[in-house]
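Single-structure report; data block below.
So that the names make sense, note that chain A is the first sequence line, chain B the second, and so on, each numbered from 1. The model shown is predicted, which means the values in this text are computed figures rather than measured ones. Hydrogens, waters and symmetry mates are skipped; everything else that's a heavy atom, side chains included, is used.
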Amino acid sequence: MSAESTSATDSATTTEAALNPLATASPLALDALFSADPLSLDDGSFNRLILEVRRRRDEFVAAEAAKAATPKAKRAKITPQDASAAAALDKPPAELDLTDLLG
Amino acid sequence: MSESAPSPFSATLPTFQVAWDSTSLGWYKDCSKLYYYQMIEGWQPRSKGIHLAFGGWYASALERYAHHRAQGHDHNASVLAVVKWTMNETMTVDEDGVRQPWDSGDEYKNRYTLIRSIIWNLDDYDAGPWRTVILANGKPAVELSFSFEAFTVAGEPIQLSGHMDKMVENIHAPGQVWVADDKTTKSPLDRNYFAQYTPHNQMSLYTVAGKVVSGLKVAGVLVRAAQIGVGFTRFATMPIPRPEAVLTEWLADTKRWIERAHTDAVAQHWPMNESSCSKFGGCPFRSVCAVSPSHRKSWLKEGFVKRTWNPLQARGL
C-alpha cells in the first residue's frame with residue numbers, strides 16, 4: 001500500500017463523512033448490506049459499502065505500519081539462492097553480484 | 001463452455017490432445033490418470049470448491065476492472081461497477097428459488113473477504129507503478145486469449161493456448177513488459193510462497209505466449225499475490241523472470257511431455273502416478289483410483305459431473 005493511496009483515501013473518506021454522516025457505514029450497516037439482495041441496493045448503498053471497506057483497510061495499514069516500526073520487525077532479504085533472483089540475474093553463482101539484487 | 005470452440009483433440013486420434021493450456025499440461029504432469037479423468041473423460045468434482053469459486057470470482061472481478069478502465073472509466077467508477085457485479089454474481093439460488101448470498105462457511109474465503117480483497121487490491125494497484133501496456137494497434141493489452149503453433153508431435157501441429165488477463169510495464173522501467181497474473185492464498189507472502197513459481201509450468205507458458213502475442217520483450221510474469229486473512233488482505237507483487245534459455249528448455253521439455261501423452265493415447269493407457277495423490281490437499285480422484293477398475297465408473301458418476309475443459313475456448317467479457 002503506498003503512502004499516496006492511503007492519504008488520498010483518507011482525505012476522500014474524511015471529506016465525504018463530514019458532508020454526509022451516512023457516507024461511512026457502521027459495522028452493523030455493512031452486515032445489512034451484505035445480507036441484502038444486491039438487486040435491491042442503489043449506487044449510494046454500494047458506495048457506502050466501498051467506503052467502509054476502505055476505512056477498514058486504512059485501519060489495517062496503520063496497524064501494520066505501527067508493527068513494522070517496532071525494533072523486532074526485520075525485513076527478509078533476497079539471497080542469490082532464491083530461484084526468482086537467480087533467474088533474474090541468469091548468471092553462474094560465482095559471477096553473482098549481490099548489489100545487482102539488493103541495490 | 002461455449003459450443004463454438006473447436007475441439008482440442010486430434011481428428012485422427014480422438015484421445016490425443018493437440019491444443020494444450022497450462023491447466024491441462026499441469027494435470028498431465030501431475031498424473032496421467034488424473035489427466036485422463038479430467039481432460040479426456042471430462043469429469044470434474046461435483047462441488048466447485050470454495051477456493052476455486054473464490055479465485056474465479058476474484059480473477060473475473062479484476063479482469064472486469066481492467067476492461068472498465070480500458071473503456072475510459074475512472075478508478076472509482078470502475079471499482080463501483082466491479083463491486084456491484086461481484087455482489088450480484090455471488091448470490092446463489094436455493095431449492096425454493098430464493099436468492100441467497102453465497103455462504104462458504106469459511107472464515108478466510110467468504111463473500112465479505114472477497115469484496116474486501118477486490119477493493120483493497122484495486123486501490124493499491126491504482127496507486128502503484130504498474131500500468132497496462134498499449135499494443136501497437138493502440139489497444140490496451142487486456143483479456144488476451146492466445147493460441148499458437150509451437151511444434152509438431154507425430155506429424156500433428158501442437159497449439160499452446162490460454163488466457164492472459166493483461167500485460168503491464170513499470171512506469172520506472174518502460175519497455176520491460178510483464179504478463180500480470182493474480183493469485184490468492186492463505187499462506188504468508190514470503191520467499192517460500194514466491195519460490196513455487198520458479199520453475200513453474202504456467203509462468204513459463206505465459207512468458208512464451210506474451211512474447212508471441214505482443215511481439216514485445218517480455219521479461220516474465222508479474223505475480224500479484226493476495227494473502228487472505230480473516231481480518232485483512234495483504235498484497236505482494238513479485239516479478240517472476242524467465243531467461244530466454246530457460247524458456248527454450250521449457251519448450252523442449254513440453255514437447256517431450258506431449259510426446260508421452262501421444263504414446264498414452266496410442267496405447268489407450270494412462271498410468272497412475274501415486275506420488276501425486278497427496279499433493280495440494282489430496283487428489284479429488286483418490287477415492288476413484290482406490291477401487292478396482294471395474295467399479296470406477298460408478299464412483300465417478302456418484303461424486304463427479306461432466307464439465308469439459310477446452311483450452312481453445314476464448315474468454316473475455
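Of the listed residues V79(B), V246(B), I240(B), the one with more heavy-atom pairs under 4.5 angstrom with chain A than any other is V79(B).
At least one side-chain heavy atom of V53(A) sits under 4.5 Å from a side-chain heavy atom of Y112(B). Looking at heavy atoms from C-beta onward, D43(A) lies in side-chain contact with K84(B) at the 4.5 angstrom threshold. Contact check for F34(A) versus M87(B): side-chain heavy atoms found under the 4.5 Å cut-off. At a threshold of 4.5 Å between non-hydrogen side-chain atoms, the residues R54(A) and D123(B) count as touching.
Annotation: the span from L30(A) atom CG to I115(B) atom CD1 amounts to 10.0 Å, rounded to 0.5 Å.
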Task: Intermediate values then yes/no, side chain to side chain contact (heavy atoms under 4.5 Å, CB included), R99(B) and L39(A) - done: CA-CA 10 Å; R99(B) 279 164 55 89; L39(A) 295 177; 3.4 Å; yes
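Of all the heavy atoms in P101(B) and S35(A), the pair that sits closest is CG-O, 3.9 Å. Residues T233(B) and F60(A) come closest through the heavy atom pair O-CE2, 4.0 Å. V83(B) and L49(A) make their closest contact through CG1-CD2, 4.1 Å (heavy atoms, listed as atom of the first residue, atom of the second, distance).
Interface remark: T90(B) contributes no atoms to any contact with chain A (heavy atom separation under 4.5 Å). Neither the backbone nor the side chain of E59(A) comes within contact range of chain B; no heavy atom of the residue lies under 4.5 Å from a heavy atom of that chain. Looking at H75(B), only its side chain comes within 4.5 Å of chain A, counting heavy atoms on both sides.
Within a 6.0 Å radius of CZ in F232(B), other residues, nucleotides and ligands contribute more than 12 heavy atoms.
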